[in-house]
Amino acid sequence: YHAKKNKLNYQYFDTSLNEKALTSFELSNKIKEALENNEFALYYQPIYSLTENKIKSAEALLRLFSKNTSMSPDKFLPIVKDLGLINEINNWVLDNAFKQLSIWNKYKKDFSISINISFSQIYSQDFIDFTKECIKKYKINPKNIIFEITEDETLEDIDKASYILDSLKNIGIKIAIDDFGTGYSSLAYITKLPVDILKIDKSLIKDIEKEKNIEIIKAILSISKTLNFSVVAEGVETQKQLEILKNLKVEKIQGYILDPPLKAYEFETKYIKSKT
Ligand code: C2E
Ligand code: MG
Ligand code: MG
Ligand code: MG
């Protein structure tokens, strides 16, 4: 147990040693409690199509609310993993997002939801089975599901990943590479994995006014055109960024300029049940 605690300390805190031990212990207790009490929620952020001038999809983003604190998934997911509870939460995300999609598809039959999936998740034994089960259970059209593959430390075997993702693609699910333009193996991913969509990382969008970034984005768009990927720019915050992206003919955008991730019912009121 000690080793585990130290690992958590090492990764998340750089204050004094005593403070560290206490805080990481509290943190993992909080997360255990949250799992028991079902204090997780999925928020939904709209993805806007500049070519069609409408919102046809949303990304599901996990939130943890525990006794007045909310925490970023980047921070709590590695802890959930260390606690050995990651499968449980991953399946919870899939089940909930699919359930939501089945409801929203009653209003908009082509609406799709993007779900974040880590490499370690796709290697887990029951991932495919569970996905198929949920599709059946909620009578989902798999064409309305996008899996956003997020890099984590476990890229065991890219050929194995490719094989698994192929089987998902065969039933109609679309595959996106998340945070494209960061990470180390992004180019290997697009040559080896069955990709449909590239999501340009927000770090490239943030400094988009720099000439270098524009050139990199142009290169991504050029590859995407040749290989027939669609492209989403993430983290679009300003009008200026939007203008540049429009001029570059980027297809879709996501970011605070539209909306932050919203509670499901807020998203529903604003984007599913509204006329637009
Ligand atoms: P991501 O998939 O790249 O998600 C985009 C992140 O950017 C989200 O952070 C979102 O809230 C944030 N964002 C959206 N628009 C803007 C903007 O205009 N400016 C800025 N600065 N940020 C923006 P969030 O929700 O904290 O999620 C962080 C990461 O955690 C996600 O990055 C994803 O990798 C992971 N994650 C979230 N939910 C899940 C999940 O259900 N399963 C897994 N495996 N990972 C998840
Ligand atoms: Mg994502
Ligand atoms: Mg990410
Ligand atoms: Mg991203």
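Side chains are part of it too, since the values below use all heavy atoms of this structure and drop only hydrogens, waters and symmetry mates. Counting starts at 1 for both ligands and their atoms, following the listed order.
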As an exercise, identify every atom of ligand 1 less than 4.0 angstrom from a heavy atom of [X].
| X | answer |
| --- | --- |
| Ser72 | 26 (O) |
| Asp178 | 1 (P), 2 (O), 3 (O) |
| Pro261 | 11 (O) |
| Gln45 | 14 (C), 15 (N) |
| Asp179 | 3 (O) |
| Glu237 | 17 (C), 18 (O), 19 (N), 20 (C), 21 (N) |
| Thr150 | 34 (O) |
| Val93 | 41 (O) |

Open item on the list: Does any part of the side chain of Leu62, heavy atoms only, come nearer than 4.5 Å to the side chain of Trp92, both counted from C-beta?
Closed with: yes

Task: Straight-line distance of Asn116 CG to Asp178 CG, nearest 0.5 Å - done: 5.5 Å

Open item on the list: Rounded to the nearest 0.5 Å, what separates atom OG1 in Thr238 from atom CD in Glu243?
Closed with: 9.5 Å

TODO: Considering only NZ, NE, NH1 and NH2 on the basic side and carboxylate oxygens on the acidic side, decide whether Lys212 and Asp207 come within less than 4.0 Å.
DONE: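 Salt bridge between Lys212 and Asp207, a charged N being under 4.0 Å from a carboxylate O: no.
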
Open item on the list: Check this for me: does any side-chain nitrogen of one of Lys136 and Glu133 sit under 4.0 Å from a carboxylate oxygen of the other?
Closed with: no

Open item on the list: Does the plane of the ring in Phe111 sit parallel, tilted or perpendicular to the ring in Trp104? Use 30° and 60° as the thresholds.
Closed with: perpendicular

Open item on the list: Below 30° counts as parallel, above 60° as perpendicular, anything between as tilted: where do the rings of Phe147 and Phe127 land?
Closed with: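 Correct class here is tilted.
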
Is there a polar contact between ligand 1 and [X], counting only N or O atoms under 3.5 Å apart?
| X | result |
| --- | --- |
| Leu42 | no |
| Tyr256 | yes |
| Asn116 | yes |

TODO: Please confirm if an N, O or S atom belonging to Glu148, backbone or side chain, lies less than 2.8 Å from the Mg ion (ligand 4).
DONE: no

Open item on the list: Do Ile253 and Leu61 sit in one hydrophobic cluster, given that two such residues count as connected whenever their side-chain heavy atoms are within less than 4.5 Å of each other, even indirectly?
Closed with: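 No; tracing contacts between hydrophobic side chains, which count when under 4.5 Å, never links both residues.
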
Open item on the list: For Asp126, I'd like to know if atom CG has over 12 heavy atoms of other residues, nucleotides or ligands within 6.0 Å.
Closed with: yes

Open item on the list: Please determine whether Thr150 has a backbone or side-chain N, O or S atom lying under 2.8 Å from the Mg ion (ligand 2).
Closed with: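 It does not: Thr150 brings no N, O or S atom closer than 2.8 Å to the Mg ion (ligand 2).
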
Task: Name of whichever N/O/S atom of Glu59 is nearest to the Mg ion (ligand 2) - done: OE2

Task: Polar side chain donor-acceptor pair, Asn144 to Asn105, under 3.5 angstrom - done: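 A pair is found: one side chain offers a donor N or O, the other an acceptor, under 3.5 Å apart.
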
TODO: Could you establish whether Gln254 and ligand 1 come within less than 4.0 Å of each other, counting only heavy atoms on the residue side?
DONE: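 No, Gln254 has no heavy atom closer than 4.0 Å to ligand 1.
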
TODO: Report the angle formed at the Mg ion (ligand 4) by atom OE1 of Glu234 and atom OD1 of Asp178, rounding to the nearest 10°.
DONE: 100°

